[in-house]
Number of protein chains: 2
Amino acid sequence: MASIKDVAKAAGVSVSTVSRTINDNPFISSATREKVLKAIKELNYSPNRMAQSLSNNNSYTITLIVDIENEKSFYNSFFYEVMHGIEKVVYQKEYCLIVSNLNTVLKNENVLDWLIKGRRTEGVILPSSIIDSKTIKKLKENNIPFVSIGEPENLRETINWVDINNRKAGEQAANYFIDNHRRKIAFIGYDDSKVFNRRRFEGYKLALENNELNYETNLVIKGGNSKNDGFRMMKDLLNEKDLPDSVICADNLMSIGAIRAIQESGLSIPEDISLISFDNSQIAEIMYPTISTINVDVYELGLQSAKLLFELIENPGKREQELLISTNIEERETTEQEHQ
Amino acid sequence: MASIKDVAKAAGVSVSTVSRTINDNPFISSATREKVLKAIKELNYSPNRMAQSLSNNNSYTITLIVDIENEKSFYNSFFYEVMHGIEKVVYQKEYCLIVSNLNTVLKNENVLDWLIKGRRTEGVILPSSIIDSKTIKKLKENNIPFVSIGEPENLRETINWVDINNRKAGEQAANYFIDNHRRKIAFIGYDDSKVFNRRRFEGYKLALENNELNYETNLVIKGGNSKNDGFRMMKDLLNEKDLPDSVICADNLMSIGAIRAIQESGLSIPEDISLISFDNSQIAEIMYPTISTINVDVYELGLQSAKLLFELIENPGKREQELLISTNIEERETTEQEHQ
DNA sequence: TTGTAGGCGTTATCAC
DNA sequence: GTGATAACGCCTACAA
């Protein structure tokens, strides 16, 4: 492998001159630049990133921490798309993206410590689910910029984070039904222990208020996000004396059980009951009927988080930011367009 | 940040002595080792990986190449699990895992070239879908060990790969039905342009032959893997005069449409027609009915590929290997246990 | 505009 | 056992 010395020799210049052309230093004559460029090409030279790292004290690397054991934090296609967005900007900056599992332990310390102490990372992106004050303290003490994907829960300290605009998403779902002359809009799977869920619910309530609709507590069902939870919650709803004409599912998996419950009761979707869920995962498209969703642009979420991270890297003293990605509605078979 | 010099000074020894203790060199007295260890602890010292990289000419990094644009290669949860397995091994070896998208282009070259030329990777794991002779040539010329995830298609050269034992999986599916006294076993979604699909079909045929069952061409339906493909293929099958009593779906998505077609025809699952698909994705569990599958241990696939890669790194001249991960059956609602 | 030389933090080769 | 010292490949004052 050719080194900078070989190039210098071949071009008949000094190593500093080669270094200058590599780094686009303007104080260099175009004649010598050409000579160097020619030599570089001939020797198929490329700077050794490890040497540059050492010299510049920059690992040119960003870390994405995943909480793999915890399916909830970065599950399946969600994670995939997020990573795709992150990857895009990281390599554009000529950095590398390293991925590691939060729970990995090596040399008696967790990966994050290990990466920081080994000076292997210039910044970290991590899901809000794993953020706690200890982790924050560590990152801050070591001057490692970081961005949370997802709004962090219960956090006194201000940090940088990017999330879906969940409140707006909840509002969007409710407004969609209202625009379509639905009046008894249920919200199932409410779980106030989760920020994103709470936000969606807030948006739902807000939309109702803005349209002078009564907020009916019996149309709000608390519960988890499994398909069985969805089934049970919908059953509960259908046992009430006055039925909803539309349902918002707080999360995507529960919608499958909810749909099943409606079908079993003999009611039809979307005529009797219209239904909307969140996330535009593959699942929404393969069900019978296909599920209308508030479409979450997860790629964009990843992209923006990485962009924010580089802003922090490039301008150290920057103020904390919160960034919300907007959503849009994707109409499928559980709703019907009937705007008049 | 403390460097090796600081430690040497604090311990009252030379840098070489510190280096020796770090690297567990046996030629060192336990007295001085203690001194050094103490200094290391006090200064919270950790070797700078970038400096080690330069000195040892080892990036301590493995690359996982993903073909993100092509959903088929590493889609969704499949990819997630594979990466999990890889990650496990890589960090155990105190390496880092970097992930990059095949299609990323920077400085007019693709990531792989960029990573190789920058000496940033010691080995590569990549999906068989992106393997061609040009890529292989490049990796071999640069002495970068690599492992393919998935059996490569149409390849003269021998390379290292790890895959699910798809032939065995197909055999398993068919044998399962045979053991349950099914005799008219259909195979839908056959697509001989894909290795994994072909292998599953081979296994299916093999099982029939071994049980002296007639192989009936009208029970084999060619087609793609969308839910609509599955629906159409099943419809075709149901239009035949003699119906199958069981169906093997060559891939997982098509099973959803196939089930739908059976339900619409008024036949019951699994009584009239029993059905098995592949991959144990989330999808199999959330459908009504839940889908029995030949369970693919994707985590293990990732784990083994990384292990193989490290074998290659540690023993350069090693012969090419092919590794098959075995599968097992996961019975859900589309089949019923009736072993007698 | 270019070249020389020292430094980044390690490891490895020699002496002692 | 231990300690100088060169080397890894690059960058960057500083000098010319």
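Chain letters run A, B, ... following the sequence lines, proteins first, then strands; residues in each count from 1.
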Enquirer: Under 3.5 Å, side-chain donor or acceptor atoms of residues 30-41 of chain B against the rest of the protein: list the pairs with distances, not counting sequence neighbours.
Expert:
residue	atom	partner	partner atom	Å
B:Thr32	OG1	B:Ser29	O	2.9
B:Thr32	OG1	B:Ser29	OG	2.9
B:Arg33	NH2	B:Asn25	O	3.2

Enquirer: Give me the residues of residues 25-34 of chain B where at least one heavy atom lies under 4.0 Å from an atom of DNA chain C, by number, or none.
Expert: none
Enquirer: Listed by chain and number, what are the side-chain contact (heavy atoms from CB on, under 4.5 Å) partners of A:Lys9, not counting sequence neighbours?
Expert: none
Enquirer: Excluding sequence neighbours, so at least two apart, what forms side-chain contact (heavy atoms from CB on, under 4.5 Å) with A:Leu54?
Expert: B:Ala51, B:Leu54
Enquirer: With sequence neighbours left out, what residues match A:Tyr95 under ring-ring contact (aromatic ring centres under 6.0 Å, His included)?
Expert: A:Tyr60, A:Phe310
Enquirer: Taking 5' to 3' order, which nucleotide of DNA chain D is first and which is last to have an atom within less than 4.0 Å of a heavy atom in chain A?
Expert: D:dG9 to D:dA13
Enquirer: May I have all residue pairs that pass salt bridge (charged side-chain N to carboxylate O under 4.0 Å, His left out) and include part of residues 138-147 of chain A, sequence neighbours excluded?
Expert: A:Asp113-A:Lys138, A:Lys137-A:Glu141
Enquirer: Residues in side-chain contact (heavy atoms from CB on, under 4.5 Å) with A:Ile144, at least two apart?
Expert: A:Ile116, A:Val124, A:Leu139, A:Asn142
Enquirer: Take nucleotides 3-16 of chain C nucleotide by nucleotide from the 5' end and write B, S or -, depending on whether a protein heavy atom sits under 4.0 Å from the base, only from the sugar-phosphate, or from neither.
Expert: BB--BBBBBBB---
Enquirer: Just jot down the side-chain hydrogen bond (donor to acceptor under 3.5 Å, both in side chains) partners of A:Thr121, sequence neighbours excluded, or say none.
Expert: A:Thr63
Enquirer: Report, one line per pair, each donor and acceptor closer than 3.5 Å where one atom sits in a side chain of residues 313-323 of chain B; sequence neighbours left out.
Expert:
residue	atom	partner	partner atom	Å
B:Glu314	OE2	B:Lys93	NZ	3.0
B:Gln321	NE2	B:Glu311	OE1	3.3

Enquirer: Going by the rule side-chain contact (heavy atoms from CB on, under 4.5 Å), which residues pair with A:Val195 if we only count those two or more places apart in sequence or in a different chain?
Expert: A:Glu151, A:Glu153, A:Arg198, A:Arg199
Enquirer: Can you name the closest pair of heavy atoms from B:Cys96 and A:Leu115 and give their distance?
Expert: SG-CD2, 3.6 Å
